[in-house]
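This report concerns only the one structure given below.
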Amino acid sequence: FCLDTAVGRSVGLGLMSFFPQLGPLVLAGRSHLLNPEAFQTSVDSKGKVHIISTPFDGHPHAPGPAAAIQCKSENSQGGDSCINPNVDIKSGGDWLAAWTEVLENVQKTGGTAFFMHNSNLPAGEWDGTLQGGELKVAKLAKVNIEMVEY
């Protein structure tokens with residue numbers, strides 16, 4: 001959690017638990033970093049918002065990104081939406097801030113953070129360079145966490 005005093009708003013996880021008087025938040029500060037379709041889907045979601053943690057191999061047929069595509073498809077039904085950072089968060093900019101802002105919505109809606117994990121690696125080792133940190137942040141946010149082996 002971080003308070004951006006220059007603009008008087010907070011950025012990071014657990015915002016609602018620290019400032020409940022702010023009311024519901026829906027990707028307010030970093031929505032410009034989400035691809036427009038993904039942003040609208042997450043805002044219009046009638047159900048839970050889910051997020052994926054996946055390696056970025058630059059090719060959607062690589063094992064981790066392919067598992068993320070399948071996970072998004074399986075968890076974007078019945079009013080739920082699922083954000084795959086490889087395709088739904090714009091590259092460049094403050095990517096991690098956008099990921100954590102989506103995670104706030106996961107927390108608010110009771111959604112799940114899905115972590116794509118290479119079954120050839122021991123627990124705690126990742127193909128993706130950011131996944132270990134994302135897992136720590138998801139645990140701090142106390143969201144549902146599910147490992148998806150590939």
Side-chain angles (χ1 to χ4, degrees), residues 1-2 4 9-19 22-119 121 124-150:
F1 174 78
C2 170
D4 183 350
R9 64 184 165 96
S10 58
V11 177
L13 294 177
L15 174 67
M16 298 311 295
S17 45
F18 292 105
F19 298 104
L22 294 178
L25 254 192
V26 180
L27 304 174
R30 306 284 185 220
S31 59
H32 64 282
L33 292 175
L34 288 177
N35 290 326
E37 182 180 321
F39 172 69
Q40 199 58 49
T41 299
S42 66
V43 169
D44 292 342
S45 178
K46 306 244 184 298
K48 296 176 181 179
V49 175
H50 308 290
I51 194 162
I52 294 172
S53 173
T54 181
F56 179 75
D57 292 331
H59 192 283
H61 299 297
I69 290 169
Q70 180 177 348
C71 183
K72 176 179 174 136
S73 175
E74 292 171 356
N75 292 284
S76 294
Q77 301 174 16
D80 290 358
S81 66
C82 188
I83 301 297
N84 176 351
N86 285 358
V87 295
D88 296 328
I89 297 178
K90 295 178 185 178
S91 60
D94 197 348
W95 181 91
L96 185 57
W99 192 89
T100 57
E101 192 138 358
V102 172
L103 191 64
E104 282 183 307
N105 257 8
V106 172
Q107 181 186 52
K108 185 181 94 180
T109 64
T112 299
F114 295 99
F115 284 80
M116 306 300 108
H117 184 258
N118 184 336
S119 60
L121 295 176
E125 289 187 26
W126 304 93
D127 282 338
T129 56
L130 299 177
Q131 289 185 278
E134 290 169 348
L135 180 60
K136 286 182 181 181
V137 172
K139 286 179 177 179
L140 287 170
K142 297 182 176 151
V143 299
N144 302 314
I145 296 170
E146 186 177 319
M147 297 297 165
V148 178
E149 299 290 332
Y150 61 88

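What you see below is based on every heavy atom in this structure, not just the backbone, and it leaves out hydrogens, waters and symmetry mates.
In this structure, Ala68 and Ile52 approach most closely via the heavy-atom pair O-CD1, 3.3 Å. Nearest approach of Glu134 to Trp95, heavy atoms of both residues: OE2-CH2, 3.0 Å. Across all non-hydrogen atoms, the minimal contact from Ala97 to Thr100 is O-OG1, 3.0 Å. Residues Cys82 and Cys71 approach most closely at SG-O, 4.4 Å, considering heavy atoms. The shortest non-hydrogen separation linking Val143 to Leu103 is CG2-CD1, 4.0 Å. Nearest heavy atom pair, residue Met116 against residue Pro55, reads CB-CD, 4.2 Å.
The closest donor-acceptor contact from the side chain of Gln107 to the backbone of Ala141 lies under 3.5 Å. Remark: the backbone N or O of Gly110 is paired with a side-chain donor or acceptor of Asn144 at under 3.5 angstrom. Put simply, the side chain of Ser81 never gets that close to the backbone of Ser76: no donor and acceptor are under 3.5 Å apart. Side chain of Gln77 to backbone of Ser73: a donor-acceptor contact under 3.5 angstrom is found.
Asn118 CG to Tyr150 OH: the interatomic distance, rounded to the nearest 0.5 Å, is 4.5 Å. Here the OG atom belonging to Ser53 is positioned 13.0 Å from the CD atom belonging to Glu146, to the nearest 0.5 angstrom. In this structure, the separation between CG on Leu130 and OG1 on Thr54 is 11.0 Å, given to the nearest 0.5 Å. For the atom pair CD1 (Ile89) and CH2 (Trp99), the distance works out to 8.5 Å, reported to the nearest 0.5 Å. Taking CG of Asn75 as the reference point, atom CG of Asn84 lies at 11.5 Å (rounded to 0.5 Å).
At least one side-chain heavy atom of Ile145 sits under 4.5 Å from a side-chain heavy atom of Lys139.
The aromatic rings of Trp126 and His117 lie perpendicular to each other, with more than 60° between the two planes, well past the 30° mark.
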Kindly indicate, with the supporting measurements, whether the criterion side-chain contact (heavy atoms from CB on, under 4.5 Å) is fulfilled by Glu101 and Asp94.
CA-CA 11 Å; Glu101 192 138 358; Asp94 197 348; over 6 Å; no
For Gln70 and Val148, run side-chain contact (heavy atoms from CB on, under 4.5 Å): C-alpha distance rounded to whole Å, both residues' side-chain angles, the deciding distance at 0.1 Å, then the answer.
CA-CA 10 Å; Gln70 180 177 348; Val148 178; over 6 Å; no
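In summary, of the residues considered (Asp80, Asn105, Thr109), a side-chain hydrogen bond (donor to acceptor under 3.5 Å, both in side chains) with His50 occurs for Asp80 alone.
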